[in-house]
Every structure is written in C-alpha cells, then in structure tokens.
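Please find one structure pasted underneath; my questions will follow.
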Amino acid sequence: MSKPAIHFFTEDLSYTLKKKTLLKAWIKSVIEEEGYTLQELNFILCSDEYLLRINQQYLNHDTYTDVITFDNSEALKMIVGDIFISLERIQENAKEFKHTVADELCRVMAHGTLHLLGYKDKGKAAKTLMTEKEDYYLSTLKIQQG
C-alpha cells in the first residue's frame with residue numbers, strides 16, 4: 001500500500017498555495033480525529049467555469065458552486081478522494097463574508113474533507129453540524145499557525 005498523500009493541483013488557472021506542509025498536516029489531523037485513515041486526497045483549484053462543467057457533467061446541476069467532492073474510496077474508513085474548489089467562488093465568498101481568501105479556502109477544504117468523512121449539508125440540522133465541525137477544525141488550524 002502506498003504511503004498516505006495529500007496533493008494540491010490547479011486546473012485552468014495559476015495560483016500558488018502557501019503553507020502546503022501545514023495544510024497537509026492539518027487535513028490529515030482532521031481525517032484521523034474523525035477515525036478515518038488517509039490514503040490519497042487531491043485538492044484541485046480551478047475556475048468557476050471549470051467547476052460548472054464538472055457540476056453539469058457529473059452531478060447534472062447547472063449551477064456555480066465553491067466545492068465538489070468525489071469519494072473514490074473502496075474501503076470503509078479509508079479516505080481516497082478528489083476535492084475540486086473554485087478559486088473564483090472562494091474569492092467572492094471571502095469578500096462577501098469578510099474573510100481572507102486563505103481563511104475561506106481553508107473552510108472549503110475542511111468542508112470538502114468533511115463530506116468524505118460522511119457529513120452532509122442538506123437540511124438544517126446537517127448543515128448546522130457541518131458548520132460546527134468546520135469551525136472546530138478551523139480553530140485547530142489557527143493553533144497550528146500560531
């Protein structure tokens with residue numbers, strides 16, 4: 001079995017992600033704290049249009065979104081997945097919610113990872129739990145950054 005890995009890629013845009021080593025350690029800690037094992041996780045940063053095409057092609061949704069998560073695991077409690085993130089949505093959301101782009105990107109990375117861990121965001125109770133988990137894990141990242 002290959003060693004656990006988290007990778008960062010870009011599609012159709014140029015972006016330099018900072019603190020990759022810190023982000024990898026943080027995401028791995030989220031996965032482990034939830035009782036899962038990391039095998040391989042890819043974060044793909046892309047444009048609105050790129051993510052819209054994925055949304056249309058694979059999910060039959062004709063809407064812009066900030067994140068789409070694909071769970072490719074074949075074993076229980078094993079994380080293998082691809083998380084596509086629209087950098088343009090992240091930048092818009094950061095402005096709207098008065099966050100930094102880096103903070104908003106981390107929130108969406110946590111959100112996508114939580115989907116792989118079985119959390120849903122449809123319905124009020126599920127959405128509330130998802131937001132609580134995002135806030136909690138973001139607080140652990142702040143500790144690591146400090």
Side-chain angles (χ1 to χ4, degrees), residues 2 4-20 22-142 145:
S2 62
I6 295 174
H7 304 282
F8 299 102
F9 301 99
T10 56
E11 284 291 341
D12 82 342
L13 53 75
S14 177
Y15 183 78
T16 304
L17 186 64
K18 294 175 176 58
K19 301 187 178 181
K20 285 183 191 164
L22 173 74
L23 290 171
K24 288 178 183 184
W26 172 62
I27 292 294
K28 191 170 187 289
S29 72
V30 170
I31 290 166
E32 290 172 350
E33 189 166 330
E34 292 287 332
Y36 282 69
T37 303
L38 171 67
Q39 189 169 343
E40 184 171 23
L41 181 53
N42 299 308
F43 288 93
I44 303 97
L45 304 177
C46 58
S47 70
D48 267 351
E49 292 304 319
Y50 189 92
L51 199 55
L52 176 62
R53 286 192 301 274
I54 288 173
N55 214 0
Q56 292 165 334
Q57 184 175 351
Y58 295 100
L59 303 175
N60 294 317
H61 296 161
D62 194 19
T63 55
Y64 289 103
T65 187
D66 52 2
V67 61
I68 295 177
T69 303
F70 291 99
D71 185 346
N72 303 319
S73 61
E74 295 178 5
L76 282 174
K77 299 284 188 173
M78 182 67 67
I79 297 297
V80 180
D82 297 308
I83 299 174
F84 290 83
I85 298 173
S86 165
L87 207 51
E88 291 170 284
R89 277 304 96 214
I90 298 304
Q91 291 164 337
E92 287 294 314
N93 290 347
K95 250 186 243 169
E96 184 180 334
F97 300 119
K98 297 179 177 33
H99 296 155
T100 66
V101 170
D103 284 350
E104 187 64 20
L105 182 56
C106 288
R107 176 174 294 281
V108 173
M109 289 170 76
H111 185 92
T113 302
L114 288 167
H115 275 308
L116 292 175
L117 298 167
Y119 292 93
K120 308 284 185 235
D121 57 3
K122 301 289 183 247
K124 191 173 181 188
K127 200 171 189 127
T128 299
L129 178 60
M130 176 75 94
T131 302
E132 286 170 2
K133 285 284 184 177
E134 288 170 16
D135 290 344
Y136 167 72
Y137 286 118
L138 285 167
S139 76
T140 67
L141 177 62
K142 301 241 186 292
Q145 286 176 330

Approximate separation, where rounding is to 0.5 Å, of Leu41 CG and Phe43 CZ:
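Result: 4.0 Å between the selected atoms.
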Please find the pair of heavy atoms, one from Asp66 and one from Val108, that lie closest to each other, and give the distance.
OD2-CG2, 3.8 Å
How many angstroms lie between atom CD1 of Ile27 and atom CD1 of Ile6, to the nearest 0.5 angstrom?
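If we round to the nearest 0.5 Å, Ile27:CD1 and Ile6:CD1 are 6.0 Å apart.
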Ignoring hydrogens and angles, write down the donor-acceptor pairs under 3.5 Å from the side chains of residues 70-81, residues two or more places apart or on other chains.
residue : atom : partner : partner atom : Å
Asp71   : OD1  : Ser73   : N            : 2.9
Asp71   : OD1  : Ser73   : OG           : 2.7
Asn72   : ND2  : Asp82   : OD2          : 2.9
Ser73   : OG   : Met78   : O            : 3.4

Determine yes or no for a side-chain-to-main-chain donor-acceptor pair under 3.5 angstrom, with His115 supplying the side chain and Tyr119 the backbone.
yes
Mind checking what makes salt bridge (Lys or Arg N to Asp or Glu O under 4.0 Å) contact with Asp135, not counting sequence neighbours?
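By the salt bridge (Lys or Arg N to Asp or Glu O under 4.0 Å) rule, Asp135 matches Arg107.
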Between Arg89 and Glu104, is the closest basic N to carboxylate O distance under 4.0 Å?
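Salt bridge flag = no for Arg89 with Glu104.
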Taking 4.0 angstrom as the limit, do Glu32 and Lys28 come out as a salt bridge?
yes
How far does CG of Asp62 sit from CG of Asn55, to the nearest 0.5 angstrom?
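Those atoms lie 8.0 Å apart.
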Those residues that, when tested against Tyr15, pass side chain to side chain donor-acceptor pair (under 3.5 Å) (two or more places apart):
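Per chain and number, Tyr15 pairs via side chain to side chain donor-acceptor pair (under 3.5 Å) with no residue.
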Could you tell me the separation between the CG atom of Leu114 and the OG1 atom of Thr69, rounded to the nearest 0.5 Å?
9.5 Å
Give, for atom OH of Tyr64 and atom CG of Leu52, the distance between the pair rounded to the nearest 0.5 Å.
5.0 Å
Examine distances only and state if a side-chain atom of Trp26 and a backbone atom of Tyr137 form a donor-acceptor pair shorter than 3.5 Å.
yes
Indicate yes or no for a side-chain donor-acceptor contact from Glu34 to the backbone of Leu117 under 3.5 Å, with no hydrogens or angles considered.
no
